[in-house]
Amino acid sequence: MSTELPDKYDPAALESAVTSRWLEKRAFQALPDDRSNRYVVMMPLPNVTGALHMGHAMDNVMQDLLIRWHRMRGDNTLWQAGTDHAGIATQAVVEKRLKEIDNKTRHDIGREALVERIHDWADQSQERIVRQQQGMGTSCDWDRARFTMDAVCARAVRHTFFRMFRDGLIYRGNRLVNWDCALQTAVADDELYKATVQGKFYYLRYPLQDRQDGEPEHVIVATTRPETMLGDTAVAVHSDPAGAMTQAIAAQRDKVAGASDKEKAAAEAELERLLERERTVLPTLVKINAMARGGRKILLPLVDRPIPIIIDDWADPTLGTGCVKITPAHDPNDYAVWQRHEEIGTINVLATDGTINERGGSYRGQDRFDARLNVVNDLDAKGLLEKIEDREIEIDHSDRSKTIIEPYLSKQWFVHMADVEGGVLMGEGTAKEFRAAGLAQAALDATAGALPDLPDGTPRSQVRFHPDQDRYRKMYDVWLGEKRDWCISRQLWWGHRIPVFRGEMAVEKLLMVEPMLGPHLSRDDVAAWVTLPDGTKLRPADAFAHLKGPNAPTEVEVQICFLDGSQDDALGPVLAGAGLELDPDVLDTWFSSAIWPHSTLGWPDPETAKVNAGQTPLGSKDGHPNSLDYYYPGSCLVTGRDIITLWVVRMVMSGLYNLGDVPFTDVFLHATILDGKGVRMSKSKGNGIDPLDIIERYGADALRYVVCELQTGTQDIRLPVQAISPFTKDGEDERLVDLATAKEGPFLGTFIDPVAKEPMDLIGQYGGEGITPAKATSDRFQVGAAFCNKLFNAARFAFLNLEDTGFTTLDPTTLALEDRWILARLAHAIRTVDEQLAAYTPSAAIAAARDFFWNELCDWYLEMIKPRFRAGADATSKAQAQQVLAAVMDQTLRLMHPFVPFLTETLWTRLRELSPRRGIATEFSDSELLVHALWPTADAGWDAPAIEAEIAAMQDWCVAIREARARYQVAPKERLVARFQADGDAATALHATASLLANMSGLSETTIAADAQRTPDSATVIRGAAKAFLLGVVDLEAEKQKLTGEAEKLRGRIGGIEKKLGNESFVSKAPAAVVERERGNLEKLREQLVGVEQSLADLG
RNA sequence: ACGCCCGUAGCUCAGUUGGUUUAGAGCGCCUCCCUUACAAGGAGGAUGUCGGGGGUUCGAGUCCCUCCGGGCGUACCA
């Protein structure tokens, strides 16, 4: 293949060629070997809901940066690729399409057909995701790509479930969950978002049952969801309304006293309100309290159900009406009340689709919002509606269906997070086995460094966060510290089915089947629980004993889980005969992604892991360990802040549980990408960008360069987005519309083109509404393209001069000044890049690489050596320049590779052809592909501080001379005669660098002497005690003005320091070194001022 | 309501444990230059009461308090 570089930088052509080479050569393949240094990154698996966006690009590039860096450092590097089935999100998307395209629901086509459709969708998404990732240069091992629903992952899911179930950590319970009425499933807290809706606050009158004299006619309660009254099981009042009121008033008085001027009015108003309540509401509450103690009841209207008035301090006398309706099945707080007063019971009045169920009497079948209106109207008709107030309500919505979430009491599966009596055995059966207080506690211990030492006495790994350990660990700890049980069941069809056969069984029947069932239940690979009506959970043996005893109940719940999935089919019919059915629900997606760091490596048994055809086997091979032993635990998880609670926590927990060790030791949290308005970027909002659009426009390297540059630390990043206007006419220039300032259009994700005054659709969803689609871009990426262009051209220049460059051993100290200088600067750059990557600050790393390359290599070194490549130049000098240039290019390409891999890989091929052997004192190692080349190390022999200082001084002169040239408008081509007035070190340095300086600042002739004189037409350039006179350029007045200005500045600075040094406290209290430095500065400035004044005097 | 983060040049961001006089970078802007690698380039230049106020200190963009503005998280909302 021709590796000759084209004239112009063309990222598209070059990148696709490089991608093909990498893939053909399986350049990213990871195989266990003898190396003990490993680097393992588990990609936070993108879900198959749709395409990747800018946030993924950030995540991918950050991982690739670390991966390529470590790979080049010689680590055995694994980057695990794959995708997540994302149960609810994917099913929601496919169901939505089903509805839109075929106008069918999932129930119309059935479970099997729906799952098949989702599989198709997932396949398409995966393909697109892989294309996007490969387009970005993502260097993960494609031969190990996994999917959370594939055979390898599925087996691990089952094993994990089985173990937790067997250990009693997974249980089925009747709990209040977040219910999505549209998708008809429980959803996690993480899948909710708050939205403010305009709602109403209804005050309802509940009549008393058998009202007695002196009692109020009604108990008034308030609610925003009146239809839930159908499920009320009590009304609560505070245990001591008067006391609570008095206390609240006292507290408010304190607040008023301590309030700032601004808060005062509000505080006083609140106090006034409380006092008013004390007069008007409290007496009633006191009465109701007494009635509650007397066991009086309410007759719940519409359903005519007597419900008790109970005493519970959840009812706050200062709020609402002071009394609270209690609906345990539909409100978290009421649920808590029920747990304190179990006798009141629960009544669930909602069906799974959000309509009122049979317990709602005549409202049955009505949607909850219709029922709300009807309930209110009916109450009103009966005179039971006190009043209605308008109120803004912040309410949970499902992120998946965008509908209002209902708190819903239902039977769900949970993972027990809190501590367990006797502890939890972690890493059972491994060499790292230990006992933890509970699952959540184990994960907390992992970040606290509080896990017990390994059996051999070495400390167990600890999880650390970067780049801000304290901040992120706190987020992790706070979330985990609640130890809230994790609801893992979803009423979906897409996902891992919960592998439990269960059912209510008559004890009589259970005992009858015992002879047949018993032997199975005692097997190691079968876990079973029998739950008594009082909630006691017993293992089969204990259960049978108990059920044969005197106090046996008549009915129990039986749950059975097989470790081996094939047993489901084998024994399913038998169990069905006994009345046990496989649970219809599926597991929360996070259950499978939580074990991703070890499921992908073949856990529980890599030797038998069923990978797909053509994939890397996970078992041991050629005497090398299996993938799990070799690659677990991993190194670093790279992700965004919001994932800490979703993933990091669960991965740590399940890694510890299954393997007794953390899945990774480091967590790198990168920034969130925001749009120009500071809003989190997402494709669904229309403020997002598809990485492939950027790649098409600017190239993948440009994308990567900018993304690295954006990652500065913990700071989120604003990336202003522009729409490419679809309304430009042929021949007209492309027009970009800034979306931060553009007016929004009629729908979410549409914007008005300010010139055409037409709406554009940035999310491609409003074709039906006739809105023109538009692509998004960001001109921030131009910077990256410019950088790549510069690198390309610098390499082109180098390559023009590197034909047949050889290698001979060179002593760096004997090289030309500029050669020694660039090597010294290179060593410095390598060290800085390394340090910054280690510190997880890519922007600082890339800035160091860029500064070296652009500001030193291009701006100075390449210019300085040009004369040595011209015809007639000294042959040895030329050869050395070539060898040094080749060596510097070699190291620079390596150093840049993790940032801009495509371009550097391309240039590397050409460099190797032109100069097959490269190095300075010793020859560098070589590698066909740059991906596999060794990372550069800063050679201490290249350091040359004295030379760096000399060149820095030369550059300082050069800039000053250029500035004078610019000021006097000397044409670039005009060479000037310069006389330097200098002695001592300044003169020595000038002598050493004179030819370089002449070359770089356009001097035809330089003389250096202590008594050099200016000519009347000279411009004067002053550096410290030395001066340069540039002959024949000056405008006397301008020169005077410039020198006067300079003198003024100097006097100002001198004055400042004199003042500082004149301050007795500064001199006595500041560190001696600081004072000394100031004195030195003062000395230098005074010297300089004398020089300037002298020059002014010379001008006359 | 509480907790965390942020507010530095027109824009996007650096600024390490307080200490080099006059606070940096990139983009944008102004002047000049198509110099044989690169106009996606080169040379030079301008631009900030570091959100406001107060305090600690010899010294504050950096530490403390307070207010204002923005983001995120958690809770509450009968």
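Remember, predicted model here, so these are calculated numbers, not experimental data. Note: hydrogens, waters and symmetry copies are ignored here, and every other heavy atom, side chains too, is used. Residue numbering restarts at 1 for every chain, and letters A, B, ... go by the order of the sequence lines.
Summarising the geometry, the separation between CZ on A:R967 and P on B:A46 is reported as 12 Å, rounded to the nearest angstrom. When the C1' atom of B:U17 is taken as reference, atom CG of A:D470 falls 15 Å away, rounded to whole Å. One can place CG of A:L669 at 13 Å from C1' of B:C72, the figure rounded to the nearest angstrom. A:D477 has its CG atom 15 Å from the C1' atom of B:U74, to the nearest Å.
Pairing for B:G73 is with B:C2, a Watson-Crick or G-U wobble pair whose two hydrogen-bonding atom distances lie under 3.5 Å. Across the strands present, B:G7 finds its partner in B:C68; the criterion is a Watson-Crick or G-U wobble pair with both atom distances under 3.5 angstrom. The partner of B:A14, taking Watson-Crick or G-U wobble pairs whose two distances both stay under 3.5 Å, does not exist in any strand shown. Pairing for B:G44 is with B:C30, a Watson-Crick or G-U wobble pair whose two hydrogen-bonding atom distances lie under 3.5 Å.
Within the nucleic acid shown, A:V959 comes within 4.0 Å of sugar-phosphate atoms alone, with no base atom in reach, counting heavy atoms only. Across all strands, A:A844 comes closer than 4.0 Å to no nucleic acid atom at all (heavy-atom distances). A:R484 comes within contact range of the sugar-phosphate backbone alone, with a heavy-atom separation under 4.0 Å but no base atom that close. Within the nucleic acid shown, A:N333 comes within 4.0 Å of sugar-phosphate atoms alone, with no base atom in reach, counting heavy atoms only.
Less than 4.0 Å separates RNA chain B from at least one heavy atom of each of the following residues of residues 223-234 of chain A: A:T223, A:T224.
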Notebook entry, point to check: Which letter, B, S or -, goes with each nucleotide of nucleotides 36-42 of chain B from 5' to 3', with contact meaning a protein heavy atom under 4.0 Å?
Noted result: -BB-BSS

Margin query: Using a 4.0 Å heavy-atom cut-off to protein, can you give one letter per nucleotide of nucleotides 3-14 of chain B, 5' to 3': B if the base is in contact, S if only the sugar-phosphate is, - if neither?
Written below: SSSS-----SSS

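At distances below 3.5 Å, not a single donor-acceptor pair connects side-chain atoms of A:R641 with backbone N or O atoms of A:T672. Distance alone, capped at 3.5 Å, is enough to place a donor-acceptor pair between the A:R273 side chain and the A:T318 backbone. Although no hydrogens or angles enter the test, the distance criterion places no donor-acceptor pair under 3.5 Å between the side chain of A:R225 and the main chain of A:E406. Checked by atom type and distance alone, the side chain of A:Q711 never pairs as donor or acceptor with a backbone atom of A:H670 at under 3.5 Å. No donor-acceptor distance shorter than 3.5 angstrom exists from the side chain of A:N687 to the backbone of A:D675, with no hydrogens or angles considered. Using a distance-only test at 3.5 Å, with no hydrogens or angles considered, no donor-acceptor pair links the side chain of A:R697 to the main chain of A:D779. Of the possible donor and acceptor atoms, none in the side chain of A:R718 sits under 3.5 Å from a partner among the backbone N and O of A:L674.
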For nucleotides 56-58 of chain B, which of its nitrogen or oxygen atoms have a protein nitrogen or oxygen under 3.5 Å away, and what is each distance?
| from | atom 1 | to | atom 2 | distance (Å) |
| --- | --- | --- | --- | --- |
| B:C58 | OP1 | A:K1069 | NZ | 2.2 |
| B:C58 | O2' | A:N1063 | ND2 | 3.1 |

Produce the list of close N/O pairs, under 3.5 Å, pairing protein atoms with atoms of nucleotides 22-25 of chain B; give distances to one decimal.
| from | atom 1 | to | atom 2 | distance (Å) |
| --- | --- | --- | --- | --- |
| B:U22 | N3 | A:R1053 | NE | 3.3 |
| B:U22 | N3 | A:R1053 | NH2 | 3.0 |
| B:U22 | O4 | A:R1053 | NE | 2.1 |
| B:U22 | O4 | A:R1053 | NH2 | 2.4 |

Mind listing the side-chain donor-acceptor pairs of residues 786-797 of chain A below 3.5 Å, one per line with the distance, residues two or more places apart or on another chain?
| from | atom 1 | to | atom 2 | distance (Å) |
| --- | --- | --- | --- | --- |
| A:N789 | OD1 | A:N793 | ND2 | 3.2 |
| A:N793 | ND2 | A:N789 | O | 2.9 |
| A:R796 | NH1 | A:D7 | O | 3.3 |

